[in-house]
Amino acid sequence: MKTFSVNKVFPFWHKVSEGTLTTRFAAAVALLVVVTAALISIASIVFQQQSVENIISEREATAVAQIAHEIDNNLMLRRDALIRSASDIASVVPHDRQHYQEWLNRHHMMKSFFSNLVVIDRRGHQIANLSDPTSGEVDLSDREYFRQTLRTNAAIISAPLQSAISGRPVIVLTAPIRNNNGELVAILAGTIDLARDSFIRDLSDVKIGKSGYYFIVSRQGCT
């Protein structure tokens, strides 16, 4: 049976073990230098990797902030356009379904901003619809965007929801229609269809690297 000898496998170790104290000290220093150099190299690699990850994270955070800012600007642009339209439609007399519908038909160019425009009376019933004038009255009185607009007498932007009219995922923007006394007589509502061509829908075509993508989460945790 053959015996294992460290000295045969590592002749350098045999020479060091039999050498003088100076030789042993020199060998120990050399080993320490090698180990130190290896540790420095590993630390450098880790530091560089961490630096690259930090740079990527910062760039992604900046990109997300820019996109969020663009979405805000687009929503504010549409809200302001809706407020101006509500102010214009307030001149319609009398305030009834026929005259509201005629106003919507004359302002069909608003479809470049919204998927659809509707007028809602104080009861919460849809009384005019740009995309489907024959849709009749639809009860929207249980919708939070209607209640909030009626309560605050101000324009609002809703959370994402399922449309009671089309059944599609939408965001609803509203603006009060007021009479000469400043009283709310109806509500102009514009919808943005999240599943069709829109500035929000375009986010799904934006890629981050090979497999990354953007998505929007509401306060309720819905994407």
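For clarity, every value in this text was computed on a predicted model and none was experimentally measured.
Hydrophobic clustering (side-chain heavy atoms under 4.5 Å, transitive across Ile, Leu, Val, Met, Phe, Trp, Tyr) keeps Ile157 apart from Ile83.
Around the CG atom of Asn180, the shell of radius 6.0 Å holds no more than 12 heavy atoms that belong to other residues, nucleotides or ligands.
To the nearest 0.5 Å, atoms OG (Ser87) and CG (Leu188) are separated by 11.0 Å. Note that NZ of Lys111 is 6.0 Å distant from CG of Asn116, once rounded to the nearest 0.5 Å. Here the straight-line distance linking atom CG of Asn153 with atom CD of Glu183 works out to 9.5 Å at 0.5 Å rounding.
The closest side-chain heavy-atom distance from Gln148 to Thr174 is not below 4.5 Å. In this structure, the side chains of Phe114 and Leu130 stay at 4.5 Å or more apart for every pair of heavy atoms. Within the 4.5 Å cutoff, no side-chain heavy atoms of Leu173 are placed close to those of Ile156. Within the 4.5 Å cutoff, the side chain of Ser163 has no heavy atoms near those of the Thr191 side chain. In this structure the side chain of Asp80 reaches within 4.5 angstrom of the side chain of Arg84, judged on heavy atoms. Within the 4.5 Å cutoff, the side chain of Leu82 has heavy atoms near those of the Leu117 side chain. Looking only at side-chain heavy atoms (C-beta outward), Phe113 and Leu77 come within less than 4.5 Å of each other.
Scanning both residues, Ile177 and Ala90, for their nearest heavy atoms gives CG2-CA, 3.9 Å. Nearest heavy-atom pair across Phe146 and Leu140 is CB-O, 3.7 Å. Here the shortest heavy-atom pairing between Pro176 and Thr149 reads CG-CG2, 4.2 Å. When every heavy atom of Ala186 is checked against every heavy atom of Tyr100, the shortest pair comes out as CB-OH, 3.7 Å. Considering every non-hydrogen atom in both Gln126 and Ser135, the closest pair reads NE2-OG, 2.7 Å. Shortest non-hydrogen contact noted between Gln162 and Arg143 is O-NH1, 2.8 Å.
Checking Asn105 against Gln101 by side-chain atom types alone, a donor-acceptor pair falls below 3.5 Å.
Ser158 places a side-chain N or O within 3.5 Å of a backbone atom of Val172 that can act as its donor or acceptor partner. A side-chain donor-acceptor contact under 3.5 Å links His107 to the backbone of Trp103. Although no hydrogens or angles enter the test, the distance criterion places a donor-acceptor pair under 3.5 Å between the side chain of Asn179 and the main chain of Asn181. No donor-acceptor distance shorter than 3.5 angstrom exists from the side chain of Glu137 to the backbone of Ile127, with no hydrogens or angles considered.
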Go through the steps for Leu75 and Ile192 under the test side chain to side chain contact (heavy atoms under 4.5 Å, CB included), then give the verdict.
-> CA-CA 10 Å; Leu75 287 175; Ile192 299 175; 3.9 Å; yes
Take Ile89 and Val119 through the side chain to side chain contact (heavy atoms under 4.5 Å, CB included) test and state the conclusion after the steps.
-> CA-CA 10 Å; Ile89 201 175; Val119 177; 4.0 Å; yes
What do the steps show when you test Arg168 against Leu194 for side chain to side chain contact (heavy atoms under 4.5 Å, CB included), and what is the final call?
-> CA-CA 8 Å; Arg168 301 181 64 83; Leu194 300 179; over 6 Å; no
Going through the distances and angles, do Arg123 and Asp139 end up as a side chain to side chain contact (heavy atoms under 4.5 Å, CB included)?
-> CA-CA 8 Å; Arg123 300 173 300 160; Asp139 189 356; over 6 Å; no
